[in-house]
Number of protein chains: 2
Amino acid sequence: MTLLRSDRLTAGAAERGIPDATVARLPIYLRALTTLADQGIDVCSSHQLASAAGVNPAKLRKDLSYLGSYGTRGVGYDVEYLRYQIARELGQTQDWDVVIVGVGHLGSALSTYDGFSTRGIRIAALVDTAPARIGKKVGGITVAPLTDLTKIVRKHDIAIAVIATPAEAAQDVADALVAAGVTSILNFAPAIVTVPEGVDVRKVDLSIELQILAYHEQRKAANGPESIGTADEVTA
Amino acid sequence: MTLLRSDRLTAGAAERGIPDATVARLPIYLRALTTLADQGIDVCSSHQLASAAGVNPAKLRKDLSYLGSYGTRGVGYDVEYLRYQIARELGQTQDWDVVIVGVGHLGSALSTYDGFSTRGIRIAALVDTAPARIGKKVGGITVAPLTDLTKIVRKHDIAIAVIATPAEAAQDVADALVAAGVTSILNFAPAIVTVPEGVDVRKVDLSIELQILAYHEQRKAANGPESIGTADEVTA
DNA sequence: CCATGTGAATACTTTCACAGCC
DNA sequence: GGCTGTGAAAGTATTCACATGG
């Protein structure tokens with residue numbers, strides 16, 4: 001989750017050193033811009049965009065300032081232009097081929113998720129170890145055996161993989177992915193996977209999110225209901 | 001994601017004011033402790049536990065210090081005792097009934113996900129609007145119509161809900177959930193939902209995680225491969 | 001001696017408030 | 001006049017390093 005950056009601001013001309021917290025929000029801004037564009041809006045203020053994205057305007061402007069000065073003082077931002085700049089910064093000018101390992105319920109859900117294609121992400125291959133699943137078609141893609149991994153990664157020039165296996169298999173799959181040449185992994189398995197330097201891992205754990213909510217619920221119940229409020233998700 | 005805390009340390013006896021970042025890691029420690037217990041380990045050092053959880057020992061000790069002093073100097077932590085203390089802090093001494101709204105691919109995957117039951121979370125009901133889905137059984141639970149929501153929430157005393165609908169429906173569903181009395185929402189729909197004060201929303205966006213990885217991949221490709229390394233997920 | 005628990009130092013993030021430009 | 005872009009201030013989080021107690 002936290003990546004070291006050897007160069008926050010190195011010598012030379014304006015080395016890009018965008019804070020992690022900002023990078024994590026850029027896709028949200030992108031989505032918000034698309035929403036605005038769909039509404040026929042082609043110029044927006046930081047307030048409008050911030051409200052569509054669920055953040056506050058100062059944070060939005062600070063975030064955008066790391067990319068450059070793409071707004072116009074006294075006016076706002078050109079929706080289409082800003083959308084392009086953020087997409088470029090995120091590397092969405094190219095399409096990223098992704099392989100999903102593990103075609104159970106979650107893997108199937110991911111492979112048919114339609115939010116990927118419009119965001120520069122293409123599910124290029126599905127892989128599993130279960131003989132019952134190999135050869136079956138899911139979302140138009142034939143499930144391949146794990147042993148084909150290296151071949152698949154080479155063929156599609158895949159850098160990013162998704163682990164959607166049970167916890168027990170996660171580390172072995174991660175090792176296989178790294179060996180095959182993958183350098184970024186999104187791990188849905190409820191296990192910590194260890195990878196060599198230079199490989200990024202992000203983790204999404206569905207039950208953890210619910211446990212965090214349960215914690216806050218418990219506190220609401222314990223204290224009076226008046227002692228807690230949300231800052232997030234409240235549009236001014 | 002960020003919750004206001006009116007009392008970081010109020011008067012009286014040790015008011016609990018655990019930082020958000022720490023709360024987000026407690027479920028990870030819980031999982032790590034379970035792993036250790038399964039290996040027959042019943043006392044562990046902060047190093048052992050930290051390595052199993054994928055964090056560094058200092059952070060772990062600091063996090064645990066917010067809960068109290070549950071370790072023994074010179075020795076370490078009793079696995080079972082610490083596990084209980086964290087579970088209690090997270091509110092897992094009781095079971096939380098949860099309703100999932102939207103029984104598409106993702107909703108189905110969630111309702112059959114077996115990582116919930118052992119963590120104090122019980123899927124009590126499934127709800128959808130599509131007539132084709134209502135009445136069908138998924139993971140042993142019959143899908144109910146959205147109009148039954150209030151009845152269901154009352155019956156099971158539900159505080160926590162999951163939105164797994166398309167983006168367009170998310171806000172309406174959130175409104176219905178709040179009206180029915182739900183006070184915590186986990187939102188998987190790729191949309192920002194607005195809720196009144198006192199209601200917590202957490203958001204998981206599958207495509208955003210991949211976009212963040214793509215950003216880092218792009219940077220690896222652009223710069224020399226030597227200029228980036230990961231701090232996370234590397235066990236010493 | 002050992003490993004925890006914790007103040008103090010550092011690093012990062014958010015927010016404020018206003019200078020700068022349209 | 002209005003809104004962006006940004007230094008500076010405030011607020012959080014992480015890490016260090018050592019006093020503390022078994």
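These figures come from a predicted structure and were not determined experimentally. We name chains A, B, ... by the order of the sequence lines, and we start the count at 1 in each one. Below, all heavy atoms of this structure are taken into account, side chains as well, without hydrogens, waters or symmetry copies.
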Inset, instruction - Compare side-chain N and O positions of A:Y77 against OP1 and OP2 of D:dG5 and report whether any pair is under 4.0 Å apart. - result: yes
Inset, instruction - Check whether any side-chain N or O of A:S46 sits under 4.0 Å from OP1 or OP2 of D:dT4, and answer yes or no. - result: yes
Inset, instruction - Write down the distance between CG (B:D63) and C1' (C:dG5), rounded to a whole number of angstrom. - result: 13 Å
Legend entry - B:D20, nearest nucleotide to its side chain (from D:dT14, D:dA13, D:dT6): D:dA13
Inset, instruction - Can you measure from CD1 (B:I18) to CG (B:L26) and round to the nearest 0.5 angstrom? - result: 6.0 Å
Legend entry - B:R25: partners by salt bridge (Lys or Arg N to Asp or Glu O under 4.0 Å), with sequence neighbours left out: B:D63
Legend entry - Any side-chain heavy-atom pair of A:Q218 and B:W96 under 4.5 Å: yes
Inset, instruction - Mind calculating the distance between NE2 (B:H47) and C1' (C:dG5) to the nearest angstrom? - result: 13 Å
Legend entry - Spacing between A:L67 atom CG and D:dT6 atom P, to the nearest angstrom: 11 Å
Legend entry - For A:Q211, all residues meeting side-chain hydrogen bond (donor to acceptor under 3.5 Å, both in side chains), sequence neighbours excluded: A:S207, B:Q92
Inset, instruction - Indicate yes or no: at least one non-hydrogen side-chain atom of B:L186 is less than 4.5 angstrom from one of A:L206. - result: no
Inset, instruction - Sugar-phosphate means primed atoms, P, OP1 and OP2; the rest is base. With that split, encode nucleotides 15-22 of chain D 5' to 3' as B, S or - using protein heavy atoms under 4.0 Å. - result: B-B-BBBS
Inset, instruction - Let me know the distance between CG of B:L82 and C1' of C:dG5, rounded to the nearest Å. - result: 14 Å
Inset, instruction - Round to the nearest Å and state the distance from B:L49 atom CG to C:dT4 atom C1'. - result: 13 Å
Legend entry - Separation of atom CG in B:L60 from atom P in C:dT4, rounded to whole Å: 8 Å
Inset, instruction - Evaluate whether atom OH of B:Y113 has more than 12 neighbouring non-hydrogen atoms of other residues, nucleotides or ligands under 6.0 angstrom away. - result: yes
